[in-house]
Protein chains: 2
Amino acid sequence: MKRRTKQREIILATLSGANGPLTAEELWQQARAQSNNLGKATVYRNLRLLVQEEDVQEVHLPNESTRFEAKFTGHRHYFYCEKCKNISFIQATCPVAALDGVTLPSGYKIRSHSLMFYGLCVECD
Amino acid sequence: MKRRTKQREIILATLSGANGPLTAEELWQQARAQSNNLGKATVYRNLRLLVQEEDVQEVHLPNESTRFEAKFTGHRHYFYCEKCKNISFIQATCPVAALDGVTLPSGYKIRSHSLMFYGLCVECD
DNA sequence: TTCTTAATGATAATCTGTTATCATTAAGCA
DNA sequence: TGCTTAATGATAACAGATTATCATTAAGAA
């Protein structure tokens with residue numbers, strides 16, 4: 001039977017507390033603060049499991065390896081700070097949402113989109 | 001001294017003729033049609049060179065390895081067809097451009113953005 | 001045309017991210 | 001508490017993309 005482990009709790013808690021999507025590596029580094037001999041394989045194993053169970057979702061961003069974030073049902077975008085290199089969630093009315101479901105003049109039918117901003121975050125500006 | 005080779009011409013011509021950004025692998029496959037024993041290392045070498053000289057630019061898209069396209073000075077977006085998996089350029093007024101240079105309420109200063117559409121292309125719809 | 005050497009093609013090596021292996025640990029039912 | 005076995009931690013193995021190596025080829029000045 002499936003077991004509820006301390007490690008999985010920590011992994012999910014770390015993701016839930018993050019203010020942006022994390023790579024497996026970043027997650028491992030942060031989660032180790034709670035469980036100092038946490039194995040990297042355990043992080044990958046649990047991420048796969050959590051994604052299957054839909055408690056966690058993958059995020060694919062330009063020029064970045066796969067990131068993970070705790071389940072979020074809304075629509076939001078990401079902000080990459082060119083100085084500190086951190087990626088955080090950003091709250092802003094989506095200026096593109098109106099296009100979803102639309103067929104462009106060229107004949108392409110849009111089902112969804114991915115929008116990412118680059119610039120300077122609050123701390124770095 | 002730097003030499004103008006047949007291989008580099010073919011690589012650049014292939015990129016210029018493409019209707020979307022290509023991965024090094026795709027570029028290699030296509031360019032080999034013109035030069036059937038073109039080496040993959042040559043493709044990588046020339047891509048690096050062409051990027052340095054700014055005749056070619058890299059494009060980083062979500063969940064995709066680095067792609068390359070011939071220099072283009074405007075602003076455009078990409079369309080990923082969920083059926084045929086091809087990525088093509090798309091012409092559309094940018095609904096996000098107005099945000100560039102803007103500082104959001106949260107304090108994030110936007111310098112640029114990356115917008116990508118997912119859906120069905122003309123051939124697949 | 002000849003000659004120098006930049007560039008090439010083939011392939012081995014490297015790097016990064018992820019998965020498999022396996023002995024050991026611990027979740028949680030009896 | 002004891003027992004079964006799912007899950008873990010350490011590490012080797014793997015996969016894909018990119019770079020280095022090196023003998024060979026060919027660009028282009030003389």
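Every chain is numbered from 1 and lettered A, B, ... according to where its sequence line falls, protein lines coming before strand lines.
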- Task: Determine: side-chain N/O of A/Gln7 to OP1/OP2 of D/dG9, distance under 4.0 Å, yes or no.
- Result: yes

- Query: Base, sugar-phosphate, or nothing for B/Lys6, non-hydrogen atoms under 4.0 angstrom?
  - Reply: nothing

- Query: Under 3.5 Å, is there a donor-acceptor pair linking the side chains of B/Tyr78 and B/Glu64?
  - Reply: no

- Message: Side chain of B/Lys40 only, heavy atoms from C-beta on: which candidate in D/dG9, C/dT8, D/dT18 is closest?
- Response: D/dT18

- Parallel under 30°, tilted from 30 to 60°, perpendicular over 60°: which one fits the rings of B/Tyr108 and A/Phe79? tilted

- Task: Could you work out which one of C/dG28, D/dT8, D/dG28 sits closest to the side chain of A/Arg3?
- Result: C/dG28

- Query: Nearest of C/dT8, C/dT4, D/dT8 to any side-chain atom of B/Thr42?
  - Reply: C/dT8

- Task: Could you check how far CG of A/Leu22 sits from C1' of C/dT18, rounded to whole Å?
- Result: 17 Å

- What nucleic acid atoms does B/Thr66 come within less than 4.0 Å of, heavy atoms only: base, sugar-phosphate, or nothing? sugar-phosphate

- Query: Nearest-Å distance, CG (B/Leu38) to P (C/dA7)?
  - Reply: 15 Å

- Message: Quick one: does any side-chain atom of A/Glu54 pair with a main-chain N or O of A/Lys71 as donor and acceptor, under 3.5 Å?
- Response: no

- If you pin B/Met1 and B/Tyr44 to their nearest nucleotides in DNA chain D, which one's is more 5'? B/Tyr44

- Between CG of B/Leu49 and P of C/dA6 the distance, given in whole Å, is 14 Å

- What is the distance from CG of B/Asn36 to P of C/dG9, rounded to the nearest Å? 10 Å

- side-chain N/O B/Thr5 vs C/dT8 OP1/OP2, d < 4.0 Å: yes

- Item | Nearest heavy atoms of B/Tyr118 and A/His113, plus distance in Å | CD1-CA, 4.0 Å

- Message: What is the separation between atom CH2 on A/Trp28 and atom P on C/dT16, rounded to the nearest whole Å?
- Response: 14 Å

- Message: Tell me the interatomic distance from B/Arg45, atom CZ, to C/dT11, atom P, rounded to whole angstroms.
- Response: 14 Å

- Message: Can you work out whether B/Arg4 or B/Arg48 has the more 5'-proximal nearest nucleotide on DNA chain D?
- Response: B/Arg48

- Nearest-nucleotide pick for A/Asn46, side chain only, options being D/dT8, C/dG9, C/dA7: D/dT8

- Task: Quick one: closest heavy-atom pair of A/Ser106 and B/Val122, and the distance?
- Result: O-CG2, 3.2 Å

